[in-house]
Amino acid sequence: MSIAKVIVDVPTSQTNHSFDYLIPEGLEELITPGVRVSVPFGPRKVMGFVIAVTGKSEFKKLRTIDQVMDMTPVLTTELLDLGRWLADQTVSFYIQAYQAMLPQVLKAKYKKEIESLTEGDLPDHLEKLFAGRAVISFDEFMERKGNYRELLSAIHEGTVQINYIVQSKETIKKVLFIEPDKELYLLEEALVDLPKNAQKQRVILEFFLKNPEPVEKSKLVQKCQTTSSTIQALIDKNLLRKSEKKIYRNPYENTTFKKTSPLPLSNQQQKAITPIWEAIDQTRNEVFLLHGVTGSGKTEVYLQSIEKVLAKGKEAIVLVPEIALTPQMVRRFKGRFGGEVAVLHSALSPGEKFDEWTKIHKKEVKVVVGARSAIFAPFENLGIIIIDEEHETSYKQEEQPRYHAREVAKYRGQFHQCPVVLGSATPLLESFARAKKNVYQLLEMPDRMNEQEMPPVEIVDMREELHQGNRSMFSKRLLEAIRERIAKKEQIVLFLNRRGYSTFVMCRDCGDVMKCPACDIALTFHKSSHQLKCHYCDYQIPMVRNCPSCESDQIRYFGTGTQKVEEALLEAVPEARIVRMDVDTTRKKGAHEKLLNKFQEKQADILLGTQMIAKGLDFENVTLVGVLAVDAMLNLPDFRSSEKTFQLLTQVSGRAGRHKLPGQVILQTYAKEHYAVELASQYDYDQFFLQEMKMRKNFHYPPYFFLTLINVSHPNQLKAMEVTRMISKLLYKHLSDAATILGPTPSPIERINNRYRYQCMVKYRDEPNQRSIIRKILQYYYDEIQKNDLTIQVDFEPYQLM
DNA sequence: AGCACGCCGACT
DNA sequence: GTCGGCGTGCTC
């Protein structure tokens, strides 16, 4: 008898191990590692992943697998191992790791139904609920307030039973097709016999005589200028018939991609690509750090490396930050590799994601371009993994399992013995330090293509501006430059980092700032709805007229949301045509693309936006880039704030003058002499690296030390603090003397949704026991996590210190 | 997670 | 003496 080891979909520490089940006879072939099954678990059924099949078990009375959910494994053996490693690394449950590697729709859906086993022998009220039916859903029972007690006794008596159903959420899109139901000559005969007034039916039949193939109903309606009822009439005459066809949703259906061919490589590209090609040829695992300035042609290096991989019959994964996964980017890959490419990103609907994933699973594509989770693409013959903009924070998942795509990439690179290429103009400090120590191989591309200079950066001191009586958010210099460009019919990108600079409401008399009563952060003013909203919870109130604490009517909103900047800008430069891009204007599907197209087609002079316009965009007519408030980011409570500022400024600057026209960058700041600002304006990464490394060394930050952040939250402030203190104590006791434990301290955002948040941090160099200690601590608090509304989040090598 | 088992206080 | 509260523990 063969036995399957199954990880069940019950994310608790008590069930975080495999359970043994008998494989039903005849299903031995189907039930292999990596398939999903439905298994009886206690009184119900749950979904589970088969992780192994063996011959014997320590357990005596095994139950039997209920159903197989997949015809072929959804996880390869490599991914099963990877999942185990991932769960261990991130102190997550195995089931969480496996779920994270698959598209949403493969998660199980659970249903409960009640089945009547007798005829008319049920207690009255149950009989009423059933109303003659044999089966009702449990939801209906609950909705109509069924008597639970009576139900239980009926179950005991055996007159009803509860069925547990495990389903996959996946759906296959079906499209209605119409096709001839008779031989063509019969159709022709029918055509002759049609009454004279059946003009439309005639048109349709003639259409099918010309093209007898099945055709989508919607297309048919369009082509023949007809309606459903006409088609139905022909179906009723048995001349046509309906058929359903399963199709892939193709998110890029209405886009055509111009075929591109490899460009000749520049000297520096050639120099950078050679070691990558060698590693591909020798099937050798190595991590490359491709440090190339904006516009140095990194993408072409990626493309031609992939070409080499495809030529060897292998597959490629390309990770691109979520935010940069623009149509422009997709076009470059689809243009070169056509139908070989699958694209995975969050803007796709769950169904579309599933279809793209299926193409990979069925080996219909060889290249996947996608955001973080695309690193789990179920390829079995990987030839290269590329992570573009390696320093981007979106590669770290901010929920369980809190993994970093780079670490997963390294794991898979080792498994497949293939190169991993990390590309960036501003590598993460940790990565560059590793490259300097030869852990990674450093590939430098210091020059832009076509010998173009980086645009000159001008720093404007806003304090000076204030002293001269300019209280607006635009310096004289910036306005001047904007007007100049508009006159020359050139385009401008204005960048605003919203974080910390959103429109908050303050009383001018008493200085009181309107805050969320639950989260302790400033409320944001939304002009369109005239509401004050909290960004962390759902709290919102109408805009106030008077200050709640001093009654003054001098209460106003401050700060610069993009909306406000747009208004001010129109006031200063009335002739400007502005495209505003922020969360509000890009919420609708496709809005993002539409706005960019508008700008691309020069229907606007200024592109004004937040974070999202900083990356990957490439407009030839842009000659001026302005950054309105550099400081917002410098002052975040985060040891990486300088690094983030440097990265951001470098990236933004790269948007100007990428083509024939010379570009210019203007940075407005209150912290002119900060090294991150100064060195970013000089494009001096190496110098910045040295300076920042000194700081990191002094304050014991990465890459000199590793960090672990533990975040505790509880509705009771004292409790949250107490638990954090206890955890700090336990860590102090069990970790080595070389580790430092900071805290407990309140988290930078002290309260979210009426829960108090405390944190502690471990700084260490080498603590091999750390993960098992933390796992034990979590287990110790398991009960309270379950019942007492306590949460403990553990984040190894955190990006987000909030 | 869900559910059964089991040990204590409030009731016919 | 019984019903039902929820604290405890198990699911192959």
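Please read these numbers as outputs of a predicted model, since none were measured by experiment. Throughout, a chain's letter reflects where its sequence line sits, starting with A, and its residues are numbered from 1.
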Looking at every strand, decide which applies to Arg44(A) at a 4.0 Å heavy-atom threshold: base, sugar-phosphate, or nothing.
-> base
Let me know the distance between NZ of Lys45(A) and C1' of dT11(C), rounded to the nearest Å.
-> 15 Å
Rounded to the nearest Å, what distance is computed from the NZ atom of residue Lys60(A) to the P atom of nucleotide dT11(C)?
-> 13 Å
Could you tell me whether Thr15(A) contacts a base, only the sugar-phosphate backbone, or nothing, with contacts defined as non-hydrogen atoms closer than 4.0 Å?
-> base
Would you mind reading off the distance between Tyr94(A) atom OH and dC12(C) atom P, rounded to a whole angstrom?
-> 20 Å
Could you check how far CD1 of Ile65(A) sits from C1' of dC12(C), rounded to whole Å?
-> 11 Å
Check every nucleotide of DNA chain B for an atom under 4.0 Å from a heavy-atom of chain A, then give the first and the last such nucleotide from 5' to 3'.
-> dA1(B) to dC3(B)
Taking atom C1' of dC10(C) as reference, at what distance in whole Å does atom CG of Asn16(A) sit?
-> 16 Å
Under 4.0 Å between any heavy atoms, over every strand shown, what does Gln14(A) touch: base, sugar-phosphate, or nothing? Just pick one.
-> base
Ion pair check, Arg133(A) and Glu113(A), cut-off under 4.0 Å | no
Using side-chain hydrogen bond (donor to acceptor under 3.5 Å, both in side chains) as the criterion, list what pairs up with Ser728(A), not counting sequence neighbours.
-> none
Does the ring of Phe796(A) carry Arg771(A) above it, NZ/CZ under 6.0 angstrom from centre and within 45° of its axis?
-> yes
Please determine if Glu722(A) and Arg725(A) form a salt bridge, counting it only when a charged side-chain N lies under 4.0 Å from a carboxylate O.
-> yes
Which of Val368(A), Leu82(A), Ile360(A), Leu75(A) passes side chain to side chain contact (heavy atoms under 4.5 Å, CB included) with Phe376(A)? It is Leu82(A)
Asp20(A) CG to dC12(C) P: how many Å, rounded?
-> 11 Å
Remember a base hit wins even if backbone is also touched, and classify Tyr164(A) as base, sugar-phosphate or nothing at under 4.0 Å, heavy atoms.
-> sugar-phosphate
Stacking check Phe41(A) vs dT11(C) (5.5 Å / 30 deg) = yes
Salt-bridge present (Lys396(A), Asp795(A); N to O < 4.0 Å) = yes
Sorted by first residue and then second, give each salt bridge (charged side-chain N to carboxylate O under 4.0 Å, His left out) pair with at least one member in residues 12-38 of chain A; sequence neighbours left out.
-> Lys5(A)-Asp20(A), Arg36(A)-Asp70(A), Arg36(A)-Glu170(A)
Glu784(A) CD to dG7(C) P: how many Å, rounded?
-> 13 Å
